[in-house]
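The figures that follow rest on heavy atoms only: side chains count, while hydrogens, waters and symmetry mates do not. Within every chain, numbering begins at 1; the chains are lettered A, B, ... in the order of the sequence lines, protein sequences first and strands thereafter.
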Number of protein chains: 2
Amino acid sequence: MYATRIDLYHPPRDEITLQGVLHALSDPLRLDLVRQLAECGGERACGSFDLPIAKSTATHHWRVLREAGVVKAREEGTKKYHSLRRADLDARFPGLLDSILANA
Amino acid sequence: MYATRIDLYHPPRDEITLQGVLHALSDPLRLDLVRQLAECGGERACGSFDLPIAKSTATHHWRVLREAGVVKAREEGTKKYHSLRRADLDARFPGLLDSILANA
DNA sequence: GGCGTTGTACGATGAGTACCGTACAAATGT
DNA sequence: ACATTTGTACGGTACTCATCGTACAACGCC
């Protein structure tokens, strides 16, 4: 017996913490995901990333990024799209994302 | 039989990695140390920080910061002084430290 | 209905790490 | 010479986390 899919949790802007963001981005793979997301500008399907890891591991990394408030997830059919929460991050931690991405 | 004290390793500027810095600063206690170091401007003795942890744990955190290239350590007698490697960090990751400290 | 696609939940495993207490070393002060 | 101060090395413990395989769910398509 397996549970039904749970609604995706996204922290509100005020609850995004610096610790959480730094921790989320301190993993090379996650930083790379974020870098690619920033490059493409908008939304991008999970599946369009060519990752050297198992599907379940990718799920884990996207969850860490989402729960840290770094990315926004949207489901559409069987697919899932992610985008950077740039406005929220810039409002809460001005300059942080830019400096990290510029130096990635 | 205990080993003699080893020379303190500090990574050269070029070997400081973004991952390493982000990881080092993703711990609340270490970020707080760095914030206090930045506040005081220059060097500061380890012992002058009032930490809620055991001495050996403090040694651990200072080592993580030092090996990530975030701080410089200098021994003088039985005491040890730390300072931020601000010039190195600013040169390697422009804006990063400022934006993190500004938002800490 | 049946099949492929896409991603999740779960359980397990191995690596890393935050923390502690204790024993110690090196320098300083008395 | 001895005690104090300051920080380290070590061993241990508990917790986190990155990773995987497998079983599954939701959806779309034939």
Side-chain angles (χ1 to χ4, degrees), chain A residues 1-10 17 19-34 36-37 43-68 70-83, chain B residues 1-10 17-34 36-37 43-83:
Chain A
M1 208 50 118
Y2 274 67
T4 314
R5 190 179 291 191
I6 297 295
D7 268 356
L8 298 173
Y9 175 70
H10 291 83
T17 67
Q19 299 300 335
V21 173
L22 292 180
H23 172 253
L25 299 183
S26 71
D27 180 274
L29 205 138
R30 287 195 292 262
L31 181 57
D32 196 51
L33 291 179
V34 167
Q36 290 189 49
L37 260 191
E43 268 190 340
R44 190 165 158 190
C46 281
S48 74
F49 293 85
D50 196 15
L51 301 175
I53 52 171
K55 281 193 304 173
S56 46
T57 307
T59 297
H60 160 69
H61 285 303
W62 285 118
R63 183 175 50 228
V64 172
L65 287 170
R66 176 171 47 78
E67 292 182 348
V70 176
V71 304
K72 180 170 168 298
R74 184 177 63 86
E75 290 175 322
E76 186 177 312
T78 62
K79 291 187 181 169
K80 200 165 175 183
Y81 296 87
H82 287 279
S83 54
Chain B
M1 205 56 115
Y2 275 66
T4 314
R5 190 179 290 191
I6 297 294
D7 268 358
L8 298 172
Y9 175 70
H10 291 84
T17 68
L18 181 59
Q19 299 301 335
V21 173
L22 291 181
H23 171 253
L25 299 184
S26 71
D27 180 274
L29 204 138
R30 287 194 292 262
L31 182 57
D32 196 51
L33 291 179
V34 168
Q36 291 189 51
L37 261 191
E43 270 191 338
R44 190 165 158 189
C46 280
S48 74
F49 293 84
D50 196 14
L51 300 175
I53 52 173
K55 281 192 305 173
S56 45
T57 305
T59 297
H60 160 69
H61 285 302
W62 285 117
R63 183 173 52 227
V64 172
L65 287 171
R66 175 171 48 78
E67 292 182 348
V70 177
V71 304
K72 180 169 168 299
R74 184 176 63 85
E75 291 175 320
E76 186 177 313
T78 63
K79 291 189 182 170
K80 200 165 176 182
Y81 295 87
H82 286 278
S83 53

> Does a distance-only test, which skips hydrogens and angles, find a donor-acceptor pair under 3.5 Å between the side chain of K55(B) and the base of dG7(D)?
Replying inline: yes
>> If you only use heavy atoms from C-beta on, which nucleotide in dC10(C), dG7(D), dT5(D) is closest to the side chain of T78(B)?
In response: dT5(D)
>> Using the side-chain heavy atoms of H60(A), tell me which of these nucleotides is nearest: dA9(D), dG7(D), dT19(D).
In response: dT19(D)
>> Side chain of K80(A) only, heavy atoms from C-beta on: which candidate in dT8(C), dC19(C), dA18(D) is closest?
In response: dT8(C)
>> Can you tell me which nucleotide in dA18(C), dG7(D), dA9(D) comes closest to the side chain of S56(B)?
In response: dA9(D)
> Relative to F49(A), does R44(A) satisfy both conditions: NZ or CZ under 6.0 angstrom from the six-membered ring centre, and within 45 degrees of the ring's axis?
Replying inline: yes
> With respect to the side chain of I53(A), which nucleotide from dT19(D), dC20(C), dG7(C) is positioned closest?
Replying inline: dT19(D)
>> On the nucleotide dT8(D), are OP1 or OP2 found under 4.0 Å from the side-chain N or O atoms that R63(B) carries?
In response: no
> If you check every side-chain atom of K79(B), which of dT19(D), dG7(D), dA18(C) has the closest atom?
Replying inline: dG7(D)
> So which heavy atom on A73(A) is nearest to which on L8(A), and how close?
Replying inline: CB-CD1, 3.8 Å
> Nearest to the side chain of H23(A) - dC17(D), dA18(C), dG7(D)?
Replying inline: dC17(D)
> For the pair made of CG in L8(B) and P in dT8(D), what is the distance, rounded to whole Å?
Replying inline: 7 Å
